[in-house]
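Here is the structure we will look at.
Reckoned from all heavy atoms, side chains included, excluding hydrogens, waters and symmetry mates. Each chain gets a letter, A, B and so on, in the order the sequences are listed, and its residues count up from 1.
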Amino acid sequence: MDGSKTTSQAGGTGTFIIHVRCRQNATWQGEVAWAEKEKRQHFRSALELLKMIDGALDEGPAPPPGAAPEAPQAAS
Amino acid sequence: MELSQYNMHAPNMVCICVDRMAEQEYSGEIWHQYSSVPVSFGTTVGLIQELDRLYDRWDFPQRSTNVRTFDPQAGRTPAEERERGRGQMDERRLNDRKGNIGTFLVRVKYRQNATWQGEVVWVEKNRKQYFRSALELLKLIDGALGETPDMENAAESS
């Protein structure tokens with residue numbers, strides 16, 4: 001299995017690499033990495049994963065290096 | 001639909017009225033006992049988020065785990081918002097609610113393992129099922145609405 005093809009893709013608003021390590025309690029547990037911010041976090045359920053991704057997308061993308069800070073975006 | 005016929009009573013019981021399915025996304029309304037105005041949802045993910053927001057506002061059931069985020073400062077429900085959630089409770093607000101393609105009464109009894117556990121009634125078929133996670137609840141609703149017919153018994157198979 002070649003993982004490089006998976007990790008080289010990027011989404012339009014945010015890119016998350018999800019590793020589901022186990023499926024207990026009728027849900028998923030594992031790790032999620034937020035590619036643009038280079039942050040990782042463990043999750044204990046699919047619900048928690050969803051909320052983490054949603055929170056990350058609300059925060060917005062990191063500005064490119066050297067750019068002026070963006071004005072805050074209105075909450076959707 | 002009279003709520004009393006299901007013998008399910010809980011302060012946090014909600015009625016999910018699914019009105020539309022478009023591009024694999026559900027939309028509709030969530031009726032609860034503290035307002036005569038429903039909470040709308042436009043996507044399947046939105047349904048889960050709105051429900052979780054309601055449970056946080058009511059602080060019922062209480063969380064057994066804090067919400068993890070990428071940002072350690074985010075994800076907490078302010079005390080003021082929890083207060084705002086306490087309107088006058090009237091179970092009759094759930095009576096006679098019907099979604100165009102499906103209606104579900106959901107009672108979340110516990111919030112353990114960073115997810116939900118409880119029971120759901122598919123109103124049109126008068127069938128009750130227990131769920132051990134929000135994911136399982138979604139699969140049950142999905143199966144009931146016919147998108148994945150072999151998932152109707154998801155609670156038993158997983």
Side-chain angles (χ1 to χ4, degrees), chain A residues 6-65 67-76, chain B residues 25 40-56 61 63-77 81 106 108 110-120 129-143 151 153-158:
Chain A
T6 306
T7 52
S8 63
Q9 304 298 313
T13 313
T15 310
F16 302 89
I17 299 163
I18 297 163
H19 180 188
V20 178
R21 289 185 181 276
C22 43
R23 291 162 71 181
Q24 296 175 359
N25 308 318
T27 186
W28 311 331
Q29 296 82 40
E31 270 186 332
V32 53
W34 183 6
E36 285 84 358
K37 293 275 179 93
E38 293 182 355
K39 287 184 178 176
R40 305 170 76 89
Q41 185 63 279
H42 293 273
F43 59 91
R44 295 162 289 193
S45 70
L47 176 64
E48 188 163 61
L49 172 63
L50 198 79
K51 292 171 76 75
M52 285 164 58
I53 291 175
D54 195 50
L57 294 176
D58 277 345
E59 203 180 302
E70 290 180 10
Q73 295 180 4
S76 56
Chain B
E25 292 283 13
S40 296
F41 61 94
T43 61
T44 314
V45 164
L47 165 64
I48 299 300
Q49 289 172 323
E50 293 297 342
L51 285 173
D52 208 49
R53 233 168 256 152
L54 285 172
Y55 301 135
D56 279 347
R63 289 183 174 281
S64 63
T65 53
N66 282 329
V67 179
R68 276 180 181 159
T69 61
F70 286 105
D71 174 8
Q73 298 307 312
R76 301 190 190 282
T77 307
E81 198 176 328
V106 174
V108 173
Y110 315 105
R111 288 201 284 175
Q112 297 172 358
N113 306 318
T115 186
W116 310 334
Q117 298 81 39
E119 49 194 8
V120 52
Q129 190 61 276
Y130 296 94
F131 57 89
R132 294 162 292 181
S133 69
L135 178 64
E136 190 161 64
L137 172 64
L138 259 186
K139 287 181 178 181
L140 288 169
I141 291 176
D142 211 33
M151 296 280 276
N153 297 314
E156 283 109 30
S157 62
S158 60

A/Lys39 portion near chain B, given a 4.5 angstrom heavy-atom threshold: both

Inter-residue atom distance B/Asp52.CG - A/Asp54.CG, 0.5 Å rounding: 10.5 Å

A/His42 backbone acceptor or donor facing B/Arg68 side chain under 3.5 Å: yes

Side-chain donor/acceptor of B/Ser133 to backbone N/O of A/Ala26, under 3.5 Å: yes

Approximate separation, where rounding is to 0.5 Å, of A/Leu50 CG and B/Leu138 CG: 9.0 Å

CD-CG distance between B/Gln117 and A/Asn25, expressed to the nearest 0.5 angstrom: 7.5 Å

Shortest non-hydrogen contact between B/Thr115 and A/Leu47, atoms and distance: CA-CD2, 4.0 Å

Among A/Gln41, A/Met52, A/Arg44, A/Lys51, residue most engaged with chain B (heavy-atom pairs, under 4.5 Å): A/Arg44

